Amino acid sequence: MACMGGSAPLVAECASTTCTFHGYRMGVIEQGADRRLVRVIAGYCREECQPGEEPATCTAGKVFMDLEPCGLWPFRTGRNPYISAEQREKLRRHAQEQYQLAGGGARFRPRTIETPAP
C-alpha cells in the first residue's frame, strides 16, 4: 500500500482503525479481518473510492500527470487478475473436496468477520 508515504514504521504505528485496510497493513491478516481481501478491495473501490461509479470503468491504473497508478486497481472488480479462470475453478473444486472430506464440518471454512475465532 502507498499509505503513510510507504514508511513501514509509520504503517506499523497507524492508529486509524476506521481505515478499510487497517487489518491488512502489516502484510498479515489480523484477527477478525475478512480473509477475502480481493472482495474487500472491490468493496472499497465501489463504496469509498468512487461511490456511484462502476469499478470496472476506473482509469486509475495508469500514470496520470504526476500521479502513480493505484495499487488496488488490478483487483477493483473483485477478482485476482493473476489467477486464470481455470486455476480459479481448480481451487474452487479443491476447496469443495476438502470441505466434503471433513464431513462438511465448520473447521475447514475460512474465518470471516461473521464467524468467530475458535
Side-chain angles (χ1 to χ4, degrees):
M1 299 271 348
C3 60
M4 301 296 206
S7 169
L10 290 177
V11 169
E13 296 171 5
C14 178
S16 178
T17 57
T18 59
C19 174
T20 301
F21 303 107
H22 187 266
Y24 311 94
R25 72 192 187 288
M26 298 306 298
V28 176
I29 300 174
E30 291 183 359
Q31 183 78 19
D34 191 335
R35 297 200 169 286
R36 299 169 299 178
L37 184 54
V38 175
R39 290 186 187 176
V40 171
I41 292 170
Y44 169 81
C45 293
R46 187 175 45 257
E47 298 162 12
E48 295 180 47
C49 183
Q50 293 189 348
E53 300 283 329
E54 184 59 38
T57 63
C58 177
T59 59
K62 301 174 185 166
V63 174
F64 179 74
M65 298 175 110
D66 61 342
L67 299 174
E68 290 295 316
C70 174
L72 303 177
W73 188 83
F75 307 98
R76 72 198 182 285
T77 60
R79 298 242 174 192
N80 185 336
Y82 306 112
I83 298 177
S84 68
E86 295 82 22
Q87 182 66 18
R88 189 175 294 114
E89 181 60 26
K90 183 179 175 182
L91 291 168
R92 188 186 68 75
R93 280 195 312 268
H94 178 73
Q96 285 179 332
E97 289 169 8
Q98 293 300 310
Y99 184 72
Q100 294 303 321
L101 286 174
R107 71 181 189 161
F108 282 100
R109 286 192 299 201
R111 203 172 340 145
T112 62
I113 293 172
E114 298 83 36
T115 49

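In what follows, residues are counted from 1 in the order of the sequence shown. As the structure is a computational prediction, the values presented were derived from the model and not from experiment.
Contact detail for Trp73 and Cys58: the closest heavy-atom pair is NE1-O, 2.9 Å. Residues Tyr24 and Asp34 come closest through the heavy atom pair OH-O, 2.6 Å. Nearest heavy atom pair, residue Val63 against residue Pro69, reads CG2-CD, 3.7 Å.
Taking CZ of Arg93 as the reference point, atom CD of Glu89 lies at 5.0 Å (rounded to 0.5 Å). Atom CG in Leu72 sits 7.0 Å away from atom OH in Tyr44 (nearest 0.5 Å). One finds the CZ atom of Arg92 at 13.0 Å from the CD atom of Gln87 (value rounded to the nearest 0.5 Å). Atom SG of Cys70 and atom NZ of Lys62 lie 14.0 Å apart (nearest 0.5 Å). Here Arg46 contributes atom CZ and Ile41 contributes atom CD1; the two are 12.0 Å apart, rounded to the nearest 0.5 Å. From Ile29, atom CD1 reaches atom CD of Gln31 across 11.5 Å, with rounding to the nearest 0.5 Å.
With hydrophobic clusters built from ILVMFWY side chains whose heavy atoms lie under 4.5 angstrom apart, Leu37 does not share a cluster with Val28. No continuous path of hydrophobic side-chain contacts links Leu91 to Tyr82 [ILVMFWY only; heavy atoms under 4.5 Å].
In this structure, the side chain of His22 engages the main chain of Cys14 through a donor-acceptor pair within 3.5 Å. Side-chain atoms of Arg88 come within 3.5 Å of backbone atoms of Ile83 as a donor-acceptor pair (strictly under, hydrogens ignored). Without hydrogens or angle criteria, Thr57 side chain to Glu54 main chain gives a donor-acceptor distance under 3.5 Å. At least one donor-acceptor pair closer than 3.5 Å links the side chain of Arg76 to the backbone N or O of Pro55.
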(Q) Quick one, Arg25 with Met4, criterion side-chain contact (heavy atoms from CB on, under 4.5 Å). Give me CA distance, side-chain angles, the key distance, then yes/no. (A) CA-CA 11 Å; Arg25 72 192 187 288; Met4 301 296 206; over 6 Å; no

